[in-house]
*Asks:* 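Take a look at the following structure, please.
Worth saying up front: this structure is predicted, and the values here are computed from it rather than measured.
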Amino acid sequence: MDIFALFEGRVSDALIASFPELEGNADILARVVVEPPRDPAHGDLSTNAALVVAKPLGKNPREVAAALATHFEKDEDVASVEIAGPGFLNFRLKLEIWHQVLASIARLKGDYGRSKVGQGEKVNVEYVSANPTGPMHVGHTRGAVFGDALASLLSYAGYDVTKEYYINDAGSQVDTLARSAYLRYREALGEAIEIPSGFYPGDYLIPVGKALVEEFGNSLLDQPESAWLAPVKQHVLAAMMELIKDDLRKLNIEHEVFFSEKTLHGAGGEIEKTLAWLRDEGFIYEGRLEPPKGKTPEDWEDREQTLFRASQFGDDVDRPLIKSDGSYTYFAADIAYHRSKVLRGYTTLIDVLGADHSGYASRIAAAVKAVSGGTAKVDVRFCQLVKLLRNGEPVKMSKRSGDLVTLADVVDEVGPDATRFMLLFRRNDAPLDFDFALVKEQTRDNPVFYVQYAHARCWSVFRNAEKDMPELDVSPEALLEADLGLLSSSDEIELMRMIGSWPRQVAAAARAHEPHRLAFYLHELAALLHAFWAKGKENPSLRFVNQDDPTLTVARLALVDGVRQVLVNGLGLLGVSAPKELS
RNA sequence: GGCCCCGUAGCUCAGCUGGAUAGAGCAGUAGCCUUCUAAGCUAUUGGUCGCAGGUUCGAAUCCUGCCGGGGUCGCCA
């Protein structure tokens, strides 16, 4: 159960009951929220209802609040209602409601927090989409983790999510890749090679060269490029995608759809169809573009070209679709790609890109608006750079020989849990410092550890209970029967309140496309648990396990179990493991 | 020059789509280990929310204009 959603419904009903003219006024009612008050002393729930509707009703907010208050005095879950400030309504709930929350967690387990707010809407999350020219480097890692956590979150919140990877396998860079692989092929056949600049120099192509020898023997040798380029390209692309998938697997990331750009090209392909369609709609014309102000490219050539009327859909300028050599621009393919998403039935398209593509957002938005007739929503999320540090010092990355720090390097050193959590413990559009030393540290300064430790501590409490009170039944069934009425101290209520807000957190994070909120929530919940645990040190009556009070112990264990379950659910959404014990 | 992102405590950052007296961690200061894991906790110091206007019952949050930092700017992907 989500008590905030529950009361939002009740407040809305109460408003309509008191002011029938509000009936059907969805836009006003939508602004009414029920949230936890900033100051817990104000109560358990707070609503702005009176402030929101006062003006349209032409009434004084406090009058409206008073009307609502009388309505809620009859509510069996409400202990007291109080009007505060300009017209806020603060509710203090009866203790039982928190006990109901705990009971519902015990019942729902992994589904506590799962919701239907997405209403089954089809969402396509496109992320990673790293060029298949080599292994993934750290720059890709953030987008990979972000997209993956977002996909999990949305799916948990009731959206119908597809995780998709767009393979940029059609551009000139993959020709360069193939040529680089061909060099390694010749090397594998005993030739001494030199790698010209502009080629991919990485060592990861050496095994590809050997594999080419195994597949083709020396039959590609002394052939013109036209003979070997296609087969080598096909082979090396497959090899690179395997490399990338291996990297992603290290972070437990698996896409459901790999969409090849190449399949859009060619006669009768989707790009052609899309451009024909756009032409029919009148969204394409032949024209000239102004050179960008303030910075005219060296080789600027004023020519007439095929343009998409992006500016008609909110973009700054119209965008070219065909290069001077007659081939399609990347954007032309991207329009076709996004059209394919729309045609496949997705109504929300999420693109996760690196911050260096930030100028691309308005173009995508324009394209999606055009190809969907405005019916599809698009959200382009940008991931900022990750600065790698070691003990506070920036990690030097030598670009020579393409030797960047790879995703595999990071994950091998700190593990998938820490990598994922740290990258999610920051808003995606804010730059992030990733300090190897901190991430491996087992102290409270390390948020990954701090949260995982809270979870392990929950298990530790259970282990202690079994050791100290072996005759006590702490099975899930026994916990369901616990006398929760014994949980009434302010610390216990605070914890129950916190886990009671979990469903609301999930829904809000999903709507905002912001998985980092979950990471912060978990950190806060962990802090509350640690604080409560520490109080038992000073005051033994506050311990979870009390040998002289088995009934209270069972009740407290039920609370610990609720916290544990929320930590498990939250870490699960972030793709971070929840160990029962830390080594 | 155009466009996008950012600017909140000494540092690193949250701030729940406009709510009440702006929060947390680190650092600083003062405490807590015969006690469920001190791998932790408590207290305390610290802010013209970059600046100036505007919108309204109410702005860190929305709008406009500046200042500062980053990114990007037809035929790269």
*Asks:* Can you check the distance between B:A22 and B:G46, where both ends of the measurement are the P atom (answer in whole Å)?
*Replies:* 14 Å
*Asks:* I'd like the P distance from B:C62 over to B:C49, given in whole Å.
*Replies:* 16 Å
*Asks:* Can you tell me, in whole Å, how much space there is between the C1' of B:C11 and that of B:C51?
*Replies:*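 Going atom to atom, C1' in each nucleotide, I get 23 Å.
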*Asks:* Please compare A:A84 and A:H513 by the position of their nearest nucleotide in RNA chain B and report the one closer to 5'.
*Replies:* A:H513
*Asks:* Just the rounded figure in Å: distance from C1' of B:G74 to CD of A:E304.
*Replies:*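 Answer to the nearest Å: 14 Å.
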*Asks:* Starting from P on B:A59, measure out to CZ on A:R31 and report it in whole angstrom.
*Replies:* 15 Å
*Asks:* How many whole angstroms separate atom CG of A:L522 from atom P of B:C16?
*Replies:*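 Distance, rounded to whole Å: 18 Å.
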*Asks:* Could you classify B:C33 for me, syn or anti, using a glycosidic angle within 90° of 0 as syn?
*Replies:* syn
*Asks:* In whole Å, what is the span from the CZ atom of A:R504 to the C1' atom of B:U17?
*Replies:* 11 Å
*Asks:* In B/S/- notation, 5' to 3', how is nucleotides 3-14 of chain B contacted by protein heavy atoms closer than 4.0 Å?
*Replies:* SBSS-----SSS
*Asks:* Mind calculating the distance between CG (A:N90) and C1' (B:U21) to the nearest angstrom?
*Replies:* 14 Å
*Asks:* Atom CD of A:Q505 to atom C1' of B:G15: distance rounded to whole Å?
*Replies:*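 So the two atoms are 12 Å apart, to the nearest Å.
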*Asks:* Rounded to whole Å, how long is the line connecting atom CG of A:N48 with atom P of B:G18?
*Replies:* 11 Å
*Asks:* Who pairs with A:D351 by salt bridge (charged side-chain N to carboxylate O under 4.0 Å, His left out), at least two apart in sequence or on another chain?
*Replies:*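 With neighbours one apart ignored, the set is A:K341.
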*Asks:* Does one side chain, of A:Q173 or A:N131, offer a donor that lies under 3.5 Å from an acceptor on the other?
*Replies:*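 Looking only at side-chain atoms, A:N131 and A:Q173 do form a donor-acceptor pair, the distance falling under 3.5 Å.
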*Asks:* As a quick check of understanding, evaluate side-chain hydrogen bond (donor to acceptor under 3.5 Å, both in side chains) for A:Y521 and A:R517, giving each step before the final call.
*Replies:* CA-CA 6 Å; A:Y521 169 87; A:R517 291 192 193 182; over 6 Å; no
*Asks:* Looking at residues at least two apart in the chain, or sitting in another chain, which of them share a side-chain hydrogen bond (donor to acceptor under 3.5 Å, both in side chains) with A:H357?
*Replies:*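 A:H357: no side-chain hydrogen bond (donor to acceptor under 3.5 Å, both in side chains) contacts found.
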*Asks:* Counting Watson-Crick and G-U wobble pairs whose two distances are both under 3.5 Å, find the runs of 3 or more in a row that involve RNA chain B.
*Replies:*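 Looking at RNA chain B, the stems formed by three or more consecutive pairs are B:1-7 with B:67-73, B:10-13 with B:23-26, B:28-32 with B:40-44, B:50-54 with B:62-66.
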*Asks:* For A:R319, what residues pass the side-chain hydrogen bond (donor to acceptor under 3.5 Å, both in side chains) criterion, not counting sequence neighbours?
*Replies:* A:D315
*Asks:* So does A:K369 have more than 12 non-hydrogen atoms from other groups sitting under 6.0 Å from NZ?
*Replies:* no
*Asks:* Please enumerate all residues that pass side-chain hydrogen bond (donor to acceptor under 3.5 Å, both in side chains) together with A:Y450, with sequence neighbours excluded.
*Replies:*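 Scan of A:Y450 (side-chain hydrogen bond (donor to acceptor under 3.5 Å, both in side chains), adjacent residues dropped) gives none.
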*Asks:* May I ask you to decide whether A:D435 forms a salt bridge with A:R390, counting only side-chain N to carboxylate O separations under 4.0 Å?
*Replies:*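 Salt bridge between A:D435 and A:R390, a charged N being under 4.0 Å from a carboxylate O: no.
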*Asks:* Is the number of heavy atoms from other residues, nucleotides or ligands within 6.0 Å of CD (A:E286) greater than 12?
*Replies:*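 Yes, because the 6.0 Å sphere around CD of A:E286 holds more than 12 heavy atoms from other groups.
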*Asks:* Students often get this wrong, so: under 4.0 angstrom with heavy atoms, is A:L289 touching a base, only sugar-phosphate, or nothing?
*Replies:* nothing
*Asks:* Which pairs, protein N/O on one side and nucleotides 75-77 of chain B N/O on the other, fall under 3.5 Å?
*Replies:*
{"residue": "B:C75", "atom": "O2", "partner": "A:S324", "partner atom": "OG", "Å": "2.4"}
{"residue": "B:C75", "atom": "N4", "partner": "A:D299", "partner atom": "O", "Å": "3.3"}
{"residue": "B:C75", "atom": "N4", "partner": "A:D299", "partner atom": "OD1", "Å": "3.2"}
{"residue": "B:C75", "atom": "N4", "partner": "A:D299", "partner atom": "OD2", "Å": "3.3"}
{"residue": "B:A77", "atom": "OP1", "partner": "A:K323", "partner atom": "NZ", "Å": "3.3"}
{"residue": "B:A77", "atom": "O3'", "partner": "A:Q173", "partner atom": "NE2", "Å": "2.9"}
{"residue": "B:A77", "atom": "O2'", "partner": "A:N131", "partner atom": "OD1", "Å": "2.5"}
{"residue": "B:A77", "atom": "O2'", "partner": "A:N131", "partner atom": "ND2", "Å": "3.1"}
{"residue": "B:A77", "atom": "O2'", "partner": "A:N168", "partner atom": "OD1", "Å": "3.2"}
{"residue": "B:A77", "atom": "N3", "partner": "A:H357", "partner atom": "NE2", "Å": "3.4"}

*Asks:* Is any side-chain N of the basic residue among A:R381 and A:D379 closer than 4.0 Å to the acidic one's carboxylate O?
*Replies:*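 Answer for the salt bridge query: yes.
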*Asks:* What orientation do A:F462 and A:W459 show, parallel under 30°, tilted 30 to 60°, or perpendicular over 60°?
*Replies:* tilted
*Asks:* With no hydrogens and no angle check, just 3.5 Å: does a side-chain donor-acceptor pair link A:Y285 and A:Q305?
*Replies:* no
*Asks:* Just to verify, what does A:D491 make a salt bridge (charged side-chain N to carboxylate O under 4.0 Å, His left out) with, not counting sequence neighbours?
*Replies:* A:K535
*Asks:* Can you tell me how far C1' of B:G19 sits from CD1 of A:I83, to the nearest Å?
*Replies:*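 To the nearest whole Å, that distance equals 17 Å.
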*Asks:* Each nucleotide in nucleotides 32-46 of chain B should get exactly one letter: B, S or -. Can you fill that in based on protein heavy atoms under 4.0 Å?
*Replies:* ---BBBSBSSS----
*Asks:* Please produce a list of atom pairs where a protein N or O lies less than 3.5 Å from an N or O of nucleotides 63-69 of chain B.
*Replies:*
none

*Asks:* When you compare B:C16 with B:A60, how far apart are their P atoms, in angstrom units rounded to a whole number?
*Replies:* 12 Å
*Asks:* Kindly check if the number of other-residue, nucleotide or ligand heavy atoms within 6.0 Å of CZ (A:R92) is above 12?
*Replies:*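 More than 12 within 6.0 Å, yes.
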*Asks:* Could you tell me how far B:U61 sits from B:A77 if I compare only their P atoms? Round to whole Å.
*Replies:*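 Looking at atom P only, B:A77 and B:U61 are 41 Å apart.
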*Asks:* Excluding sequence neighbours, so at least two apart, what forms side chain to side chain contact (heavy atoms under 4.5 Å, CB included) with A:S541?
*Replies:*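 Scan of A:S541 (side chain to side chain contact (heavy atoms under 4.5 Å, CB included), adjacent residues dropped) gives A:N539.
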*Asks:* Residues two or more places apart in sequence or in another chain: which of them pass ring-ring contact (aromatic ring centres under 6.0 Å, His included) with A:Y328?
*Replies:*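 For A:Y328, no residue satisfies ring-ring contact (aromatic ring centres under 6.0 Å, His included) once neighbours in sequence are set aside.
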*Asks:* Parallel, tilted or perpendicular for A:F544 and A:F532, by the 30°/60° rule?
*Replies:* perpendicular
*Asks:* Determine whether A:R427 and A:D429 satisfy the following criterion, salt bridge (charged side-chain N to carboxylate O under 4.0 Å, His left out), listing intermediate values before the conclusion.
*Replies:* CA-CA 6 Å; A:R427 251 183 27 235; A:D429 53 358; 2.9 Å; yes
*Asks:* Looking only at atom P, what distance separates B:A9 and B:G50, rounded to whole Å?
*Replies:*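 So the two P atoms sit 8 Å from each other.
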*Asks:* Please report the distance separating the C1' of B:G10 from the corresponding atom of B:G71, rounded so that it comes out in whole Å.
*Replies:* 28 Å
*Asks:* Please check the phosphate of B:U56 (OP1 and OP2 only) for any side-chain N or O of A:K55 closer than 4.0 Å.
*Replies:*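 No, outside the criterion.
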*Asks:* Taking the C1' atom of each, how far is B:G65 from B:G74, in whole Å?
*Replies:*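 About 31 Å, rounded to a whole number of Å.
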